[in-house]
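In what follows, a structure is listed as structure tokens, so that the remarks can point back to it.
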Amino acid sequence: MSKVMFSVTYFALSEKGIIVMKNFKVLSKNRIVFIYTNHPMTSQPQTSQMHNVSSLEVGYFDDGKLDDDGQIKRTGTWQCASAHIITAVVGSGVLSLSWCFAQLGWLPGIITFLFFCVISLFTSILLSDSYRSPDPVSGTRNCTYMEAVKATLGMHQFKLCVVAQLGVLIGISIGYTTTTAISMAAILKSICYHEHGHDANCHYKNNLFMISFGVIEIIISQVPNFHKLSPLSVIAAIMSFMYSSIGIGLSIAKIAANGPGKTSLTGIPIGNGFTGMDKMWRILSAIGDIAFAFSFSFVLIEIQDTLKSSPPENKSMKKATTVGILASSMFYSMCGVLGYAAFGNDAPGNFLTGFGFFDPFWLVALANLCVVIHLLGAYQVIAQPVFGFMEERSRKRWPESKVMNKYYTFGGLEFSLFRVIGRTTYVIVMTIIAMIFPFFNDFVGLLGACTFWPLSVYFPIQMYISQAKIARLSHTWIMMQLISLTCFIVSLVAAAGSTRGLVTSLAIFKPFQSVS
């Protein structure tokens, strides 16, 4: 290839974003030298090189196609963001809320539910102003939760955020693998019970289901980022509404056929071998489950980064957050309240996989299929921040690596070897851990209890105080700190309850022996 000097402005488009090229020489097929003549410190031309650019698309530069950070213009709407939020919020745990109400009773259950709903909505709205800093409308973009913490609160808080966010995201990935396997097994069990009777010995090992889930996730994980996940999130959100609606419908049918179950204001009464200590631990565990159900703030900044800049991202995100949380809370409350009314104090841990219902068997199987499809999408919403962190850190450490920077195209999807290897390895490791530790959901409950306060309450409140420049010891400052302190105490209490469940599971621990 001949050496050619271009005098017009071009841009190169790759997975790394937009690289503006004022003047450059093409030295070979895979190598370009950039010559910058507007260096601020000297009038002498400055040169730099970029290798492995054969997969770049080169075209004329157009400001209208870029956002203010040089990235391809974002096109997401608040409706798409709402779908992402619902996918992240409404997990299969919604079907265990009737059990939580059975432990707490009507009055404490409703109060606890409303408390977490209001706190989550409040702190999520605060967090939407931290996407840009220092100004929430015109400031510099923070594309991830970690970047927002680093830009607003400094490096020390950033390190704490990294540990908390990656810990809970990795934990949820493993928990979703286990939960999906249980729902897959429940589909076969519903058919088995229908064919052989409700007392039949219908049990299946979960390992094959976990492997199947892992294989599917390896393929889906090659989707580059959140921007490409909107269709999957919409499907997952629809699935979550479907299985929640089926659970609600089955509860109503059970109440209509058999009358309401035995309930009370304070939950399961003490007696008949159920001690006061047992009740206390179950109450703490139920609080932890509800807290974890509302722990999703750690992906909100990444979701907000998909929104177009007009109207302002924080305005659109507040609308998306309000719609997403209120819609999710409506289904949460209906599943919890109607499930408790249907089963009373005997409510199972999950009235789909726990077989509170047997018939119609096809409807139970359909509901569990919806759970599986939903978790396929929810896994990606949770894993994308981990992938982004891993790949960004690796690019900075090995900027010249061909494995990192050389991209290939297959089926219209552009990918690098590192993305394929890294993301595949991540899914495989998560799947193996889920197979080794079948009780990992108990650990996820502990992880969620420990991270609810820092990620969903502490960091959003502290970032808002810093950006809004709220005076120390002012009425607003004191109110914010009291909210944070209250949630910190609740997190400690929930962690204590989850710890006991973890210890109990360890006592009967058998690796690779998960059976549904």
Side-chain angles (χ1 to χ4, degrees), residues 13-18 62-90 120-121 124-133 135-148 151 165 169 220-241 296-328 374 376-389 391-392 412-414 460:
L13 171 61
S14 76
E15 287 294 325
K16 295 182 287 186
I18 298 294
D62 180 0
D63 280 325
K65 295 181 180 179
L66 304 180
D67 272 327
D68 53 6
D69 60 347
Q71 299 298 315
I72 301 173
K73 186 174 285 293
R74 296 158 176 86
T75 58
T77 63
W78 70 265
Q79 292 94 335
C80 291
S82 294
H84 284 312
I85 292 170
I86 292 170
T87 301
V89 176
V90 182
S120 296
L121 180 59
S124 296
I125 290 176
L126 295 183
L127 187 62
S128 64
D129 285 333
S130 298
Y131 172 64
R132 289 180 180 266
S133 60
D135 185 85
V137 175
S138 59
T140 303
R141 294 175 187 266
N142 300 306
C143 298
T144 67
Y145 191 104
M146 296 179 194
E147 287 182 14
Q165 186 180 13
L169 292 175
I220 302 177
S221 291
Q222 304 313 312
V223 175
N225 49 47
F226 261 117
H227 303 273
K228 306 293 185 181
L229 277 180
S230 293
L232 185 61
S233 283
V234 170
I235 294 172
I238 292 172
M239 292 300 103
S240 67
F241 282 125
F296 55 89
S297 297
F298 38 77
V299 295
L300 287 183
I301 294 292
E302 284 81 352
I303 292 174
Q304 191 168 347
D305 189 48
T306 67
L307 294 173
K308 57 186 179 182
S309 56
S310 180
E313 300 91 352
N314 64 331
K315 182 178 179 180
S316 297
M317 192 61 183
K318 288 174 183 177
K319 182 186 292 186
T321 299
T322 302
V323 171
I325 293 178
L326 291 182
S328 303
H374 170 250
L376 286 171
Y379 187 100
Q380 288 303 309
V381 172
I382 294 300
Q384 282 294 334
V386 181
F387 296 154
F389 177 82
E391 290 164 9
E392 182 64 23
L413 183 66
E414 196 171 29

Is it the case that the side chain of [X] and the backbone of [Y] share a donor-acceptor pair, with hydrogens and angles ignored and the cut-off at 3.5 Å?
X	Y	value
Arg141	Tyr131	no
Gln304	Ser128	yes
Thr306	Ile303	yes
Arg74	Lys308	no
Glu302	Tyr145	yes

Heavy-atom closest contact ([X] atom, [Y] atom, distance):
X	Y	value
Ser316	Leu307	CB-CD1, 4.0 Å
Ile325	Ser124	CD1-OG, 3.8 Å
His374	Ala236	CD2-O, 3.1 Å
Ile382	Val386	O-CG2, 4.2 Å

Practice problem: Report the C-alpha separation of Thr322 and Ile125 in whole Å, then their side-chain angles, then the decisive distance to 0.1 Å, and conclude whether the side-chain contact (heavy atoms from CB on, under 4.5 Å) test is met. | Solution: CA-CA 8 Å; Thr322 302; Ile125 290 176; 4.1 Å; yes
Sequence neighbours excluded, which residues qualify as side-chain contact (heavy atoms from CB on, under 4.5 Å) partners of [X]?
X	answer
Leu126	Phe122, Ile461, Tyr464, Met480
Ser82	Trp78, Ala320, Val323
Ser133	Asn142, Ala151, Thr152, Gln467
Glu392	Arg395, Lys396

Quiz prompt | Results of ring pair (Phe, Tyr, Trp, His ring centres under 6.0 Å) for Phe387 - residues two or more places apart only | solution =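 Here the qualifying residues are Tyr426.
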Practice problem: Identify, with sequence neighbours excluded, every residue that meets ring pair (Phe, Tyr, Trp, His ring centres under 6.0 Å) alongside Tyr379. | Solution: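 For Tyr379 the ring pair (Phe, Tyr, Trp, His ring centres under 6.0 Å) partners, ignoring immediate neighbours, are Phe213.
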Report the residues that fulfil side chain to side chain donor-acceptor pair (under 3.5 Å) with [X], sequence neighbours left out, ordered by chain and then residue number.
X	value
Ser309	none
Gln165	none
Glu147	none
Lys319	none

Measuring from [X]:[atom1] to [Y]:[atom2], what's the distance to the nearest 0.5 Å?
X	Y	atom1	atom2	result
Leu127	Lys318	CG	NZ	11.0 Å
Cys80	Ile85	SG	CD1	11.5 Å
Asp305	Leu300	CG	CG	12.5 Å
Leu376	Ile235	CG	CD1	10.5 Å

Quiz item: Under the side-chain contact (heavy atoms from CB on, under 4.5 Å) criterion, do Arg132 and Val137 qualify, and how do the steps go?
Solution: CA-CA 7 Å; Arg132 289 180 180 266; Val137 175; 5.7 Å; no
Self-check item: Validation row: Ile220, Leu232 side chains within 4.5 angstrom (heavy atoms)
Solution: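 Heavy-atom side-chain distance check passes, below 4.5 Å.
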